[in-house]
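Presented below is the structure to which this report refers.
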Amino acid sequence: AQSVAQPEDQVNVAEGNPLTVKCTYSVSGNPYLFWYVQYPNRGLQFLLKYITGDNLVKGSYGFEAEFNKSQTSFHLKKPSALVSDSALYFCAVRDTRRSSNTGKLIFGQGTTLQVKP
Amino acid sequence: SQTIHQWPATLVQPVGSPLSLECTVEGTSNPNLYWYRQAAGRGLQLLFYSVGIGQISSEVPQNLSASRPQDRQFILSSKKLLLSDSGFYLCAWGGDGGNQPQHFGDGTRLSIL
């Protein structure tokens with residue numbers, strides 16, 4: 001079965017420290033992976049994606065993610081966290097079970113990031 | 001550039017009343033369109049998706065329906081709302097390529113009384 005797991009409901013870090021939000025996936029074929037951020041009462045904002053190529057992907061707002069095929073992981077990272085990074089983060093993988101033109105995504109349950117001053 | 005609009009931002013409806021939420025996309029043609037529901041600020045549940053005008057796929061059995069009367073318009077409806085229909089409804093659009101992200105509107109907070 002295709003799935004995405006975000007094993008931590010919440011991640012707490014101090015401002016200025018590095019942060020990691022974990023994501024593992026299970027999908028048939030090559031994975032197309034995405035990270036999104038959601039602020040309260042807002043829609044999801046696209047941060048970055050991995051399709052192919054370099055395992056380290058850089059995205060918006062200083063975020064990056066590392067694709068690890070052997071561990072089937074796609075962890076989101078940032079070298080120095082800001083209080084304004086506090087939000088809900090979603091990992092997603094393209095659903096490959098059906099016709100490729102649907103663009104459907106399978107989302108994890110989300111991880112709340114809390115950055116404290 | 002492409003933009004997506006959802007309205008209304010918030011809605012309070014009595015049980016048994018009808019519902020119509022609208023989503024429109026600008027700056028792109030023939031997008032894939034999606035309706036999601038998010039409960040309690042957590043995971044997303046895909047309700048419907050559409051790959052073209054008049055083409056609607058339902059992901060879960062429910063009290064809701066969707067329609068796509070125009071290329072860039074996606075409507076979520078109900079004839080009679082249930083308490084369980086409360087939630088945060090998100091519309092999204094995406095290209096038909098598998099490597100394209102989805103882009104989300106700002107959502108509608110629906111409360112059923």
Side-chain angles (χ1 to χ4, degrees), chain A residues 2-6 8-10 23 27-53 57 59-60 65 67 86-114, chain B residues 1-11 21 23 25 28 30-52 55-60 74 87-111:
Chain A
Q2 303 195 65
S3 63
V4 174
Q6 293 181 243
E8 302 154 316
D9 283 344
Q10 182 158 329
C23 171
V27 66
S28 57
N30 292 323
Y32 293 170
L33 295 155
F34 305 84
W35 274 103
Y36 289 83
V37 61
Q38 185 182 29
Y39 295 97
N41 297 310
R42 300 297 300 274
L44 278 66
Q45 296 178 36
F46 168 68
L47 284 177
L48 51 80
K49 67 179 181 181
Y50 172 82
I51 304 301
T52 187
V57 179
S60 305
F67 172 66
S86 299
L88 182 58
Y89 290 80
F90 288 97
C91 180
V93 66
R94 181 176 156 260
D95 187 342
T96 59
R97 287 172 294 183
R98 298 186 186 176
S99 172
S100 63
N101 71 343
T102 68
K104 287 171 56 183
L105 297 177
I106 298 170
F107 285 88
Q109 286 301 299
T111 298
T112 299
L113 174 65
Q114 187 74 34
Chain B
S1 63
Q2 302 91 355
T3 56
I4 179 169
H5 304 281
Q6 274 188 255
W7 65 93
T10 59
L11 189 60
L21 301 181
C23 171
V25 180
T28 187
N30 196 32
N32 289 341
L33 296 171
Y34 312 88
W35 277 112
Y36 292 89
R37 179 168 55 206
Q38 185 178 28
R42 299 307 295 190
L44 298 171
Q45 180 184 38
L46 179 63
L47 302 176
F48 300 95
Y49 69 93
S50 172
V51 299
Q55 300 179 61
I56 308 295
S57 297
S58 174
E59 287 293 291
V60 292
F74 205 23
F88 191 48
Y89 288 83
L90 291 160
C91 180
W93 74 272
D96 61 1
N99 61 355
Q100 300 302 313
Q102 292 180 15
H103 302 277
F104 286 77
D106 274 339
T108 295
R109 176 79 57 193
L110 176 63
S111 299

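Every heavy atom of this structure was used, including side-chain atoms; hydrogens, water molecules and symmetry mates were not. In what follows, chains are A, B, ... by sequence order, proteins preceding strands, each numbered from 1. Model, not experiment: these values are computed from the prediction.
- For chain B, the nearby part of A:Tyr36 is the side chain; its heavy atoms alone come within less than 4.5 Å.
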**Study point:** Step-by-step side chain to side chain contact (heavy atoms under 4.5 Å, CB included) determination, A:Gln38 to B:Leu44
**Key:** CA-CA 12 Å; A:Gln38 185 182 29; B:Leu44 298 171; 5.7 Å; no

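- The main-chain N or O of A:Gly103 is never found under 3.5 Å from a side-chain atom of B:Gln100 such that the two would form a donor-acceptor pair.
- For the residue pair A:Asn41 and B:Arg109, the shortest heavy atom distance occurs at OD1-NH2, 2.8 Å.
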- Check the pair B:Gln38 / A:Phe90 against side chain to side chain contact (heavy atoms under 4.5 Å, CB included), numbers first and verdict last. CA-CA 12 Å; B:Gln38 185 178 28; A:Phe90 288 97; 3.5 Å; yes

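- Taken from OH in B:Tyr34 to NZ in A:Lys104, the straight-line distance is 9.0 Å, to the nearest 0.5 Å.
- Under a 3.5 Å cut-off, the side chain of B:Arg42 and the backbone N or O of A:Gly110 do form a donor-acceptor pair.
- Taken to the nearest 0.5 Å, the CG atom of A:Leu44 stands 10.5 Å off from the CG atom of B:Asp106.
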